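A short worksheet on the structure shown next.
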Amino acid sequence: MNKKDLLRLHQSGILTDIDIHFARFMANLADGKYQEVLLGAALVSNVTGKGDVCLDLASFAGRVLLEKDEERDAVICPGLFAWKDNLMSTGIVGRPGDLCPLILDEKNRLYLYRYWEYEKKLSDSIKERTKEDISGLNLLLIKDSIKRLFPERMDSDINWQKVAAITSAFKKFCVISGGPGTGKTTTVAKILALLLEQAGKEENLRIFLAAPTGKAAARLSESIRNIKEKLDCKDSIKAAIPEQTFTIHRMLKTIIGSPFFRHNSENPLSADIVVVDEASMVDLPLMSKLIQAVPVDARFILIGDSDQLASVDPGSVLGDICGSSHVRGFTANFINKVEELTDEKFTDSIKEYKDIKVLHDCIVLLKKNYRFAAGSGIGGLSQAVKLGDINKALSLLKNEDDRSIMFEKILAADNFKQILTDKVIEFYSEYLKTDDPGIALELFNRFKILCAVKMGQFGVYAVNAIIEQILSRENLIQTENLWYRGRPVLITSNDYKLGLFNGDIGITMPIPDSAGNDMHVFFPGTFSGELRQFLPYRLPQHETVYAMTVHKSQGSEFENLYLILPDKDYSVLSRELIYTAIELRYPG
């Protein structure tokens, strides 16, 4: 490997500008004597930019990155052993624990040092929290709480919500994973009630509720507020369940201009319980910093769907933690504890599963879906995509008897615009005809057009431009001014002073019944029915949002959605992306 080969990889689009600059920087640190470090550094930069936290040398060793042509030889990765020896001899690649720019571990994984450190600290913290159970609990009270808060169901399946409650009671670290409709938030509210009952009146638990985005935090707050009033517990317990939620950044208190937070391992949160919703969206660096800021003796509960899209930044933490738990069991001690406290009986297949680790006792998958009825087309499609059952997924998409799912093939650009025109007029006309910002927001958020990518003719930017043309042609909007009446806006960066966060959606309208016609952008408030209004020039970074990416839509729910897939393959196209999009459709 030489610099010319590196440039060829760059010119071919395999490596990015940042990959090249980083590789040259590493080569300079190694005094330019070791050319193989160029490729290793460039590739580890590349995979990190795509969301991985390390480069698996074994999977790249001997791989042809660029085929031979008439003028030049092929670009091929070196063999594994020669590559490792070369990297280790540079002086800039170390073993775990060494202070070097790059770290190569015993499983032939090459890391940028900071990502190795993030992963190590996260792993060490989880291990520390799973060493032993929380002791001194009132078992009779737990049994009574479980019976009241989780009344018996008519079916004979295990009530996994009960199992999650037992896990949260006895474990300092707990993961509750399940798709939309499996009752994750309901389970959390009941768990908090159970833990508050355990604490008793003489002790107030310090509970923090958080989510990765402002939108997800607001939805968690509203859900907890609605659910807790229906719980079978004392009013004093309901009152003690907090409704206030935070973004993770706000909870940890961002240090402006720095990647660090005021709350960390040396200055942890004053918390007894920390609950993080939509945990699949939390990347490795943030999760590592978060867990270090949670006191070791506190309960740390992660809620999310491990099958959904991970964060766009490096690391798939929730997915990696739950990775082996689709076919899994529990330790014998934990099974006995759950059966004693819940009267649930585990099947032999769970009891007989081999190689059970203590971490498995901390992971609960909620399996029963309360949202989609048995035989539901959307529910069936979601499961088919989740399991990779192509034939079933295609069969459901082509089933014309089920109108909850429709599949349309885009034949040409004109065909696409016509399809889009019909959808846009059908679903966006109503919100543009009202003068009430609250009603406009409600109507607008019932439907969403989702894209897999930002660029290209089927990407967010192109689709938003087409929709503006359609609505303008129908005289539903007037686009002579940037801030026209009805313009929907997506916030793309956090502004803690204004309380606007990445993912928030607002609608541009004049203030109702006002003498002037100045435009304001209206956003939902913290409480249902509440609105906040801002002059456009005060907004943080934003963009028009008739259509948005699936990534940006996570944490939302829509009565109807239209998913546009591009006409060619992209690295972001995955089973997880399609599954996530399907699960955003709420059967209202």
Side-chain angles (χ1 to χ4, degrees), residues 212-219 247 249-250 254 256-257 424 427-451 454-455 459-549 551-556 558:
T213 67
K215 178 172 60 178
R219 286 192 62 248
T247 63
H249 287 78
R250 187 180 178 189
T254 301
I256 303 300
V424 166
F427 289 106
Y428 281 157
S429 294
E430 197 172 355
Y431 98 85
L432 289 167
K433 293 177 180 177
T434 180
D435 293 325
D436 187 315
I439 294 175
L441 276 167
E442 180 186 351
L443 294 172
F444 178 79
N445 286 319
R446 289 180 182 176
F447 170 70
K448 191 60 65 224
I449 294 173
L450 302 179
C451 302
K454 287 188 174 184
M455 309 302 293
V460 165
Y461 298 134
V463 171
N464 274 318
I466 293 172
I467 293 173
E468 279 192 324
Q469 293 172 9
I470 293 168
L471 294 175
S472 179
R473 188 176 64 232
E474 296 294 320
N475 292 319
L476 290 168
I477 61 174
Q478 308 295 324
T479 57
E480 290 81 5
N481 296 315
L482 174 63
W483 292 102
Y484 56 82
R485 183 187 181 281
R487 182 191 175 193
V489 173
L490 173 72
I491 300 299
T492 58
S493 66
N494 295 331
D495 189 317
Y496 292 95
K497 290 183 179 179
L498 293 180
L500 292 174
F501 302 100
N502 187 2
D504 288 350
I505 293 177
I507 299 290
T508 308
M509 296 182 71
I511 297 175
D513 303 322
S514 64
N517 200 37
D518 292 337
M519 294 296 168
H520 289 69
V521 186
F522 292 84
F523 293 85
T526 304
F527 300 99
S528 180
E530 179 188 18
L531 289 180
R532 296 175 297 154
Q533 62 191 52
F534 301 90
L535 289 167
Y537 71 83
R538 296 189 65 202
L539 298 183
Q541 292 180 12
H542 55 270
E543 57 190 41
T544 302
V545 69
Y546 293 107
M548 64 195 303
T549 62
H551 274 96
K552 283 289 187 183
S553 67
Q554 281 183 269
S556 302
F558 310 106

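Predicted model only: the values in this text are computed from it and were never measured. Reckoned from all heavy atoms, side chains included, excluding hydrogens, waters and symmetry mates.
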Backbone of Gln541 reached by a side-chain donor or acceptor of Thr492 within 3.5 Å: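 Side chain of Thr492 to backbone of Gln541: a pair is present.
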Donor-acceptor contact present, side-chain Asn464 to main-chain Thr544, <3.5 Å: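 Such a contact is found between Asn464 side chain and Thr544 backbone.
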Smallest separation among heavy atoms of [X] and [Y], with atom names:
| X | Y | value |
| --- | --- | --- |
| Pro510 | Phe522 | O-CE1, 4.0 Å |
| Val460 | Cys451 | CG2-CB, 3.8 Å |
| Lys448 | Val545 | NZ-O, 4.3 Å |
| Pro212 | Thr247 | O-CB, 4.4 Å |
| Gly486 | Leu432 | CA-CD2, 3.7 Å |
| Leu531 | Leu441 | CD2-CD1, 3.6 Å |

Rounded to the nearest 0.5 Å, what's the gap from [atom1] on [X] to [atom2] on [Y]? Could you check?
| X | Y | atom1 | atom2 | result |
| --- | --- | --- | --- | --- |
| Met509 | Met519 | CE | CE | 8.5 Å |
| Gln478 | Ser472 | CD | OG | 6.5 Å |
| Leu539 | Leu490 | CG | CG | 11.5 Å |
| Lys552 | Ile491 | NZ | CD1 | 10.0 Å |
| Phe558 | Ile449 | CZ | CD1 | 11.0 Å |
| Ser493 | Leu500 | OG | CG | 9.0 Å |

Residue pair Arg446, Tyr431: steps toward the side chain to side chain contact (heavy atoms under 4.5 Å, CB included) verdict: CA-CA 10 Å; Arg446 289 180 182 176; Tyr431 98 85; over 6 Å; no
Residues forming a salt bridge (charged side-chain N to carboxylate O under 4.0 Å, His left out) with Glu430, sequence neighbours excluded: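 Testing Glu430 for salt bridge (charged side-chain N to carboxylate O under 4.0 Å, His left out), a comparison that skips the adjacent residues, returns none.
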Centroid separation Tyr428 to Phe444 less than 6.0 Å: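 Here the rings of Phe444 and Tyr428 have centres that are less than 6.0 Å from each other.
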Sequence-distant partners of Tyr484, side-chain hydrogen bond (donor to acceptor under 3.5 Å, both in side chains), two or more places apart: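 Tyr484: side-chain hydrogen bond (donor to acceptor under 3.5 Å, both in side chains) contacts with Glu468, Tyr546.
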Candidate list Phe523, Phe534, Trp483, test ring pair (Phe, Tyr, Trp, His ring centres under 6.0 Å), partner His542, passing option: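 By the ring pair (Phe, Tyr, Trp, His ring centres under 6.0 Å) criterion, His542 pairs with just one of Phe523, Phe534, Trp483: Trp483.
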Chi angles and distances behind the side chain to side chain contact (heavy atoms under 4.5 Å, CB included) call for Leu535, His520: CA-CA 5 Å; Leu535 289 167; His520 289 69; 3.3 Å; yes
Summary of salt bridge (charged side-chain N to carboxylate O under 4.0 Å, His left out) pairs that have at least one residue in residues 473-488, sequence neighbours excluded: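 Qualifying pairs: Asp435-Arg485.
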Any side-chain heavy-atom pair of Val521 and Pro536 under 4.5 Å: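 Yes. Closest side-chain heavy atoms under 4.5 Å.
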